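Read the structure below first, then the notes.
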Amino acid sequence: AQSVAQPEDQVNVAEGNPLTVKCTYSVSGNPYLFWYVQYPNRGLQFLLKYITGDNLVKGSYGFEAEFNKSQTSFHLKKPSALVSDSALYFCAVRSRGTDKLIFGTGTRLQVFP
Amino acid sequence: NAGVTQTPKFQVLKTGQSMTLQCAQDMNHNSMYWYRQDPGMGLRLIYYSASEGTTDKGEVPNGYNVSRLNKREFSLRLESAAPSQTSVYFCASSEEITLAQYFGPGTRLTVL
């Protein structure tokens, strides 16, 4: 069965420090991988995606993610966190040839001043 | 561009009542989706529509029906609401080129 795991319910980081939000997946073949962010009382916003090519992908608001095929991971990173980055982050995976996204359970990022 | 719009934003129902959640997108996307979001569960797909005139079940379709009225609109109907359907419902659409899904602001539904 296809699945996405976000092992941390919450990540705390001080403003200015680097941040990592972890994601691993279990999907057959070469999937498409996504990160979304959700601010309070809002819908999800697309951050970035990996389709093919360079394993490091860059997205909105200075975020980037690294695809690691051998570890089946797609961790979200940012070199210097901002308080305004505090939100709920979702990793999602889509098998090639399908329309359906499978979401992780989300990781709450808290950036402290 | 309004993107993806949803109505209503909030709704309270009594057990057994019915209602329809409306969703529209103005991005000319072929695919549209309905999700529910529950604490600790992430987003779970209820139904999706790959194109006008087609609909398919997702992970949690029981208790729901959908209609893809035209390319723009995709509605979700609860025929007989149950407390287990208390949730936040999100509609989304996607384009085939970028594969990204774009979400509406959500409908917060409470079933008493």
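Note that this is a predicted model, so its numbers are computed, not measured. The figures here come from the full heavy-atom set of this structure, side chains too, leaving out hydrogens, waters and symmetry mates. So that the names make sense, note that chain A is the first sequence line, chain B the second, and so on, each numbered from 1.
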Item checked: Pairwise distance CG(A:L44) to CD(B:Q101) - rounded to 0.5 angstrom -> 9.5 Å

Item checked: Side chain / backbone / both / neither for B:L43 at chain A, heavy atoms under 4.5 Å -> both

Check: Under a 4.5 Å heavy-atom cutoff, which of A:Q45, A:Q6, A:Q38, A:R42 has the most pairs with chain B?
Finding: A:Q38

Check: Would you find more than 12 non-hydrogen atoms of other residues, nucleotides or ligands less than 6.0 Å from B:K71 atom NZ?
Finding: yes

Check: In the single-linkage hydrophobic clustering (I, L, V, M, F, W, Y; side-chain heavy atoms under 4.5 Å), do A:V57 and A:F90 co-cluster?
Finding: no

Note to self: Within a 6.0 Å radius of atom CZ on B:R72, are there more than 12 heavy atoms belonging to other residues, nucleotides or ligands?
What the structure shows: yes

Margin query: Taking B:Y89 as the starting point, is it possible to reach B:M19 by hopping between hydrophobic residues whose side chains are less than 4.5 Å apart?
Written below: yes

Notebook entry, point to check: Atom OG1 in A:T105, atom CD in B:Q37: separation rounded to 0.5 Å?
Noted result: 11.0 Å

Next item on the list: Identify whether A:F103 and B:Y48 are in the same connected component of the hydrophobic contact network (ILVMFWY, side-chain heavy atoms under 4.5 Å).
Entry: yes

Margin query: Before you tell me yes or no, could you show the steps for B:Y35 and A:L101 under side-chain contact (heavy atoms from CB on, under 4.5 Å), namely the whole-Å CA-CA distance, both residues' side-chain angles and the distance that decides it to 0.1 Å?
Written below: CA-CA 10 Å; B:Y35 293 91; A:L101 272 181; 3.7 Å; yes

Next item on the list: Answer whether the closest heavy-atom distance between the side chains of B:R108 and A:N41 falls below 4.5 Å.
Entry: yes

